[in-house]
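Read the structure below first, then the notes.
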Amino acid sequence: MIHALGASQGIAIGKAFVLPHWEWELPDQKIDVADLAKEFDRLYEGIRRSKTEISQMKTELDEAVGSNEASIFDAHLAILEDPVFMNEIQGIIQRQYKVAEVAVKEAIDHFVTMFDLLDDEYMKERALDIKDVGNRLLKHLLGAPEISLPEDTQPFVLVVRELSPSQLVHLKPELVLGIVTMVGSPTSHSAIMARAFGIPMVMGVEGKLDEPIGTGDLLVIDGETGMLQIDPTPEIIARYTEMRKRLLAHKEQLLKLAEVPSVSMDGVRITLAANISSLKELDAALSNGAQGVGLFRTEFLYMDRAHFPTEDEQFEVYRAAAQKLNGNKLIIRTLDIGGDKHLDYFEMPEEENPFLGFRAIRFSLQRKDLFKIQLRAILRASYYGDVWIMYPLITSVEEVREANEVLAEAKRELLTEGIPHRADVKAGIMIEVPAAVAIADVLAEEAAFFSIGTNDLIQFTLAVDRMNEQISHMYEPFHPAILRMIRTVSEAARASGIPVSICGEIAGDVQALPIWLGLGIEELSLSAQAILPVKQSLLRSRASDSRSLLESIFRCRTAAEARALANQFHAEAALAPGNAKPPV
Ligand code: PEP
Ligand code: MG
């Protein structure tokens with residue numbers, strides 16, 4: 001039995017499907033002049049194999065879904081015959097004596113960068129095709145193993161070295177029973193998404209396996225504790241099947257709370273809104289009783305396609321979300337790309353520290369053309385509901401002002417064009433960088449609301465990379481520094497009379513609920529799966545008790561002491577006879 005990191009609650013029992021690692025190690029030796037002909041032969045053999053494979057896929061897809069979908073493969077075949085692409089590869093081999101793999105990789109990079117720079121959607125799509133075909137060719141040159149889906153297409157437990165959000169967005173949740181990753185940590189966006197989809201996930205297994213997991217191995221995973229068992233005994237299977245049944249039954253029970261008002265025993269209300277990244281997640285959130293959306297992570301809308309979404313494409317999604325919410329608030333966060341979130345069709349610069357780099361509002365303020373398209377789409381959707389705008393990763397007053405200028409320009413344009421929108425849309429900011437906490441009082445004069453993004457705030461304050469499983473034990477929301485920062489921000493918001501909410505993953509931790517109650521935080525934004533457990537805790541809590549607990553917590557010098565107090569309080573609240581009117 002292996003113990004790794006529990007990243008998304010739930011138990012999965014099923015056969016493994018191991019996705020081979022697609023990050024190639026390219027040989028760096030040069031070739032001898034005498035071997036040039038041999039190198040060309042290798043290249044042509046790789047091309048031939050790639051073509052055969054593409055033609056096969058084309059036939060299969062044609063039979064399954066028809067020729068329209070399958071025609072994409074014609075474009076791929078054409079690239080392998082394209083003289084410009086091929087000349088580039090051959091030129092690198094012939095003139096620079098580089099091996100075929102390196103020549104192919106350099107040619108892909110060259111064309112992808114060139115096409116990406118063009119302001120032309122068609123060419124950007126071609127860049128994606130080139131990447132795809134080029135990777136296939138590389139796979140053959142390197143003799144890398146074949147990637148194919150499990151033959152029986154029974155649902156499987158996906159085993160993968162690491163999973164990017166853009167890969168996860170393409171998975172079919174109904175086929176994936178669970179996910180195991182070699183590296184990565186529970187605060188990464190992939191883990192957040194797995195939780196949103198309700199897919200059990202265990203991360204950071206690397207170094208803990210005696211033997212690698214093979215496709216077809218039977219696995220049991222527990223996404224709460226991080227347990228992974230390969231080839232389990234019948235007893236273990238029986239035990240976990242039973243646990244799985246109980247978990248599902250508990251979920252069913254919790255669903256009865258969906259319509260119950262979210263009020264503490266002494267009458268303090270906390271709005272429980274949802275974090276979503278798609279309309280599908282909004283449906284899940286609504287059936288879990290979400291009272292609005294406190295964070296719509298729009299970057300997934302950008303990942304789910306082969307080009308930047310147009311204004312109309314975005315507008316349709318935002319409007320549909322606003323309408324589904326039926327008058328409840330929808331906070332749309334502008335694009336937070338960068339960090340661990342990438343677009344297949346847009347080459348980001350190589351960065352030493354992507355989380356500290358060209359991302360979020362920094363990207364939007366450099367690409368105001370794209371930013372304005374998004375703001376126009378949000379403004380148009382605001383006509384159909386209670387839509388608010390939120391800027392991510394704000395570190396200064398200037399950024400808020402500059403973003404608001406683009407917003408004002410978007411409003412002016414829509415007004416001139418006679419397109420309906422609401423001119424009084426509220427524009428607020430995420431507080432997720434220590435700098436923003438330090439100047440929260442001045443930012444509160446510039447922003448219509450605050451939402452505290454603890455995921456990033458913790459990583460920046462504690463200098464703990466949220467993606468790094470080696471130090472994930474140091475990623476501690478109960479660290480006194482974090483608790484004090486949250487208090488500072490909530491006090492600054494209160495002093496300026498603007499609303500403040502918490503939208504990081506800690507909002508979904510039932511142990512942290514007394515902190516919000518004690519601080520007087522009136523809104524939390526959580527992943528769909530966390531809404532009802534938190535509501536259940538709220539129904540059993542008293543704000544008055546939470547306030548005294550909070551005083552003790554703020555006297556704690558270590559996170560461990562603070563956590564112990566919160567745990568004890570939580571356990572007692574669940575058991576106390578006076579609090580025992582739990583509807584569930
Ligand atoms: C956060 O940083 O807390 C947050 C909610 O944003 P994200 O997790 O998308 O970075
Ligand atoms: Mg963030």
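Read the numbers this way: they start at 1 and go in the same order the structure lists the ligands and their atoms.
A tilted orientation is assigned to the rings of Tyr345 and His307, their planes being inclined by 30° to 60°. Using the six-membered ring where Trp is involved, Tyr302 and Phe308 have ring planes that are perpendicular, over 60° apart on the 30 and 60° scheme.
Separating the CD1 atom in Ile486 from the CD1 atom in Ile506 is a distance of 7.5 Å, to the nearest 0.5 Å.
For the Mg ion (ligand 2), the set of protein N/O/S atoms nearer than 2.8 Å consists of Glu432 OE1, Asp456 OD2, ordered by chain and number.
Of the charged side-chain nitrogens involved, at least one lies within less than 4.0 Å of a carboxylate oxygen, so that Glu206 and Arg161 count as a salt-bridged pair. With salt bridges taken as basic N to acidic carboxylate O contacts below 4.0 Å, one links Arg333 and Asp336.
Geometric assessment of Arg487 against the ring of Phe554 yields a positive cation-pi assignment under the 6.0 Å and 45° thresholds. A cation-pi contact, defined as under 6.0 Å to the ring centre and within 45° of the axis, is absent between Arg422 and Tyr383.
Protein residues having at least one heavy atom under 4.0 Å from any atom of ligand 1 are His189, Ile192, Leu295, Arg297, Arg333, Asp336, Lys341, Met430, Glu432, Gly453, Thr454, Asn455, Asp456, Arg466, Cys503, Gly504, listed by chain and number.
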Step by step, would you call Met348 with Arg359 a side-chain contact (heavy atoms from CB on, under 4.5 Å)? CA-CA 9 Å; Met348 294 292 263; Arg359 56 170 285 211; 5.5 Å; no
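Side-chain contact between Pro499 and Glu522 is absent, with no heavy atoms from C-beta onward closer than 4.5 Å.
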